[in-house]
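First comes the structure, then the notes that go with it.
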There are 2 protein chains.
Amino acid sequence: MTQARRGPRERMVFSAAQLIRRQGVTATGMREVAAHADAPRGSLQHYFPGGKEQLVNEAVAWAGRYAGKRVDRFLAGLDRPTPSGLFAAMAAQWADEYAADGFAAGCPVAAATVDCATSGDSTRNAAATAFATWRGPVAEALTDMGVPPSRAESLATLMISALEGAILMARAERDVRSLTTVVKELGPLLDAATGP
Amino acid sequence: MTQARRGPRERMVFSAAQLIRRQGVTATGMREVAAHADAPRGSLQHYFPGGKEQLVNEAVAWAGRYAGKRVDRFLAGLDRPTPSGLFAAMAAQWADEYAADGFAAGCPVAAATVDCATSGDSTRNAAATAFATWRGPVAEALTDMGVPPSRAESLATLMISALEGAILMARAERDVRSLTTVVKELGPLLDAATGP
DNA sequence: CGGCTACTATGACCGCTGTCATAGTCGACC
DNA sequence: GGTCGACTATGACAGCGGTCATAGTAGCCG
């Protein structure tokens, strides 16, 4: 999944995303990113002349693309695609990670939003497009399942909102209960939208 | 609402919460908190011998209590209390603030979770109890409205999750659309739970 | 070989952070 | 008055932050 055989630049973006989703943006240092990526420190200013802001923005954008691609993966994994099934798969990815590796990490986009929405306008913008990049495939998948296009965007927003909030609570409580709860409660509502 | 006539200690906790919800925990400095509270710097180590961690934890706890009390306020403001009405009021508080004062601030509990869930265990714990302090009154209100106790906790979790996520997206996109969307989509589901 | 570009390697700078140490002020109480 | 406690006021410290400057290496091209 995470090929070590990638350019140092890409590795640094990836490492930045990993560290950001664990510690937040401000608490993540540039030197730390380089060390985590096994990349030379001098490459930072070479690949990211825009400084930390650029690196963070690219990490956020990467996370958005990753989340969007995952949606297609989830759809391929469902033999009988339903909205609730997709949502359950999205939440299960997080629940599985938490069960396996602990509750150390959250969503990088959320971290960037919380940490930079006020100060860094470009980062805030990167987070907005990341959410859009994520929401797009979800809404598209919903319409493919029979959800009217007018509601697909709304339901996609609801799904991502509930998921992000549940991730937050799960990390705080060190318990995946919030994730399983939102899946259980939201499932029927989502599937009901596929009817005429 | 925010009486300036309070002890310096309380003012500092309040200011800490305000700054944290704007900038995050790490980006908020102790000196900055003291200045924002018009409190002497020397009082920091006097009132908070536990250092920044203690101050942050108290700010998070304060936010949790505040959110819990707001629920009762919202209920008092509704002449005909319904689950969807409560949820709409909770979201409207944020939408109104964003419309009036801009999208600078988020939820302090979310900020603390994102910033300290990995590093600071005591702060993570404070965030967990803050969520519980918030969820309690919501679930209680739902049962009072006729929601079976078995589902009340689940729906309260769903409401807070969706709200937190919508806050996140609203800040990133500088648009309250996510807030209004989750209210619209989740309302019928919530009200349907009051039936037998 | 010379020259050029891509990348790496360090070291230094300044600013800010949380924390500690010390001295000072103020008011109440015996 | 004298003493004690609560609170305030500064200054210093050590550490880390991002960033700039400069020098170095490697490889390709002509």
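Below, each value reflects all heavy atoms present in this structure, side chains not excepted, and no hydrogens, waters or symmetry copies. Everything numeric in this text was worked out from a predicted model, so none of it was measured. In what follows, every chain begins at residue 1, and chains take the letters A, B, ... in the order their sequences are listed.
- Judged by distance alone, with hydrogens and angles left aside, the side-chain atoms of B:S43 form no donor-acceptor pair with the main-chain N or O of B:A39 at under 3.5 Å.
- In this entry the distance linking CE of B:M30 with P of D:dC13 reads 21 Å, nearest Å.
- Residue-to-nucleotide contacts include no donor-acceptor pair under 3.5 Å from the side chain of A:R41 to the base of D:dG18.
- The interatomic distance linking A:R31 (CZ) with D:dC16 (P) rounds to 10 Å, in whole Å.
- Salt-bridge check for B:D115 with B:R124: failed, with every basic side-chain N at 4.0 Å or more from each acidic carboxylate O.
- Formation of a donor-acceptor pair under 3.5 Å by the B:K52 side chain with backbone atoms of B:T28 is found in this model.
- The nearest whole Å value for the distance from the CD atom in B:Q23 to the C1' atom in C:dC16 is 13 Å.
- Rounded to the nearest 0.5 Å, atoms CG (B:L155) and CG (B:L86) are 11.5 Å apart.
- Near DNA chain D, meaning a heavy atom under 4.0 Å from it, residues 43-54 of chain A has A:Q45, A:G51, A:K52 in order of number.
- Neither side chain, A:E53 nor A:T123, offers a donor N or O lying under 3.5 Å from an acceptor on the other.
- Applying the ring-ring contact (aromatic ring centres under 6.0 Å, His included) test to pairs two or more places apart or on separate chains, those with a residue in residues 44-63 of chain A are A:F14-A:W62, A:W62-A:Y66.
- Ring geometry, A:F131 versus A:W134: the interplanar angle falls under 30°, so the pair is classed parallel (tilted spans 30 to 60°).
- Between B:R21 and B:E97, at least one side-chain nitrogen of the basic residue sits less than 4.0 Å from a carboxylate oxygen of the acidic one, meeting the salt-bridge criterion.
- Two residues, A:M12 and B:G29, neighbour DNA chain C, and the one matched to the more 5' nucleotide by heavy-atom proximity is A:M12.
- Bending across the helix from C:dG15-D:dC16 to C:dC30-D:dG1, expressed as the angle between its end axes from five pairs apiece, amounts to 20° (10° rounding).
- Among the protein residues, B:T26 comes within range of no part of the nucleic acid, since none of its heavy atoms lies under 4.0 Å from any strand.
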